Amino acid sequence: MLRAGVVAVQGDVSEHAAAIRNAGAAHDEDVEVVEIRQSGSVPDCDVLLLPGGESTAISRLLAREGIDEEIQTHVNAGKPVLATCAGLIVAASDAQDDRVDTLDILDVTVDRNAFGRQVDSFEAPLDVAGFSAPFPAVFIRAPVIDEVGEEVEVLARWEDDPVAVREGPVVGTAFHPELTNDSRIHDLAFFDEMAVEA
Ligand code: GLN
């Protein structure tokens with residue numbers, strides 16, 4: 001039994017829960033999904049998901065409830081985190097925006113709404129490292145990753161910009177992997193050898 005915590009301030013909790021269960025089923029692993037709204041439940045979770053939404057609102061709630069430090073402790077223990085879209089902004093070391101108090105669990109500099117200035121949302125087939133077929137990536141007011149630290153592996157790029165990255169137990173995507181039936185990103189973050197070893 002894998003206990004997956006989904007930070008449930010806002011965003012697509014049920015879609016992420018379905019994707020994690022689906023990925024678990026492929027590994028004969030039952031998944032219990034816990035919605036995280038207060039401190040106290042993160043320490044019992046094996047894996048964590050930081051979904052999209054509004055990064056300012058998410059970071060404010062995490063700080064107010066003291067969930068921020070619990071997530072940092074989770075990562076320091078080598079346990080997996082998947083951070084998507086606004087979640088990626090919150091996870092970053094630098095969001096280039098004072099309104100977002102980032103967790104600094106992923107050594108990347110992001111530009112909020114960088115794609116959004118040109119186009120609000122789009123879907124694109126992405127080549128992801130290790131995937132045999134492209135991943136249908138849905139971008140919604142997505143951030144761009146401007147810089148990655150030395151320890152960060154780039155898993156996918158869109159027009160030269162990194163849009164999926166991994167640093168140790170933390171995987172971040174600029175897109176929303178929960179909005180299609182394809183659960184390979186959740187699989188990669190939570191059930192991959194790397195995640196298991198970590
Ligand atoms: N651009 C949004 C933010 O800055 C994120 C958008 C999303 O999660 N779809 O928080």
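Since the model is a prediction, treat every value here as computed from it, not as a measurement. Just so you know, ligand 1 is whichever comes first in the structure, and atom 1 is the first atom listed for that ligand.
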Study note, to complete from the structure: For ligand 1, protein residues within the heavy-atom limit of under 4.0 Å are G52, G53, E54, S55, C85, A86, I89, R112, N113, I140, R141, H176

Check your understanding: Does H176 have any ring-ring contact (aromatic ring centres under 6.0 Å, His included) partners at least two apart in sequence or in another chain, and if so, which?
Key -> none

**Study point:** Atom CD of E123: over 12 foreign heavy atoms under 6.0 Å
**Key:** yes

Point to revise | For the student: nearest non-hydrogen atoms of V31 and F191, plus distance | key: CG2-CZ, 4.3 Å

Practice item. Quickly, which of V170, L103, V6 forms a side chain to side chain contact (heavy atoms under 4.5 Å, CB included) with L50? Name it, please. Key: L103

Exercise for review: Calculate, to the nearest 0.5 Å, the distance between atoms CG and CZ belonging to D187 and F131 respectively.
Suggested key: 7.5 Å

Practice item. Might you work through the salt bridge (charged side-chain N to carboxylate O under 4.0 Å, His left out) test for E54 and R112, ending with a clear yes or no? Key: CA-CA 10 Å; E54 192 58 42; R112 293 181 64 195; 2.7 Å; yes

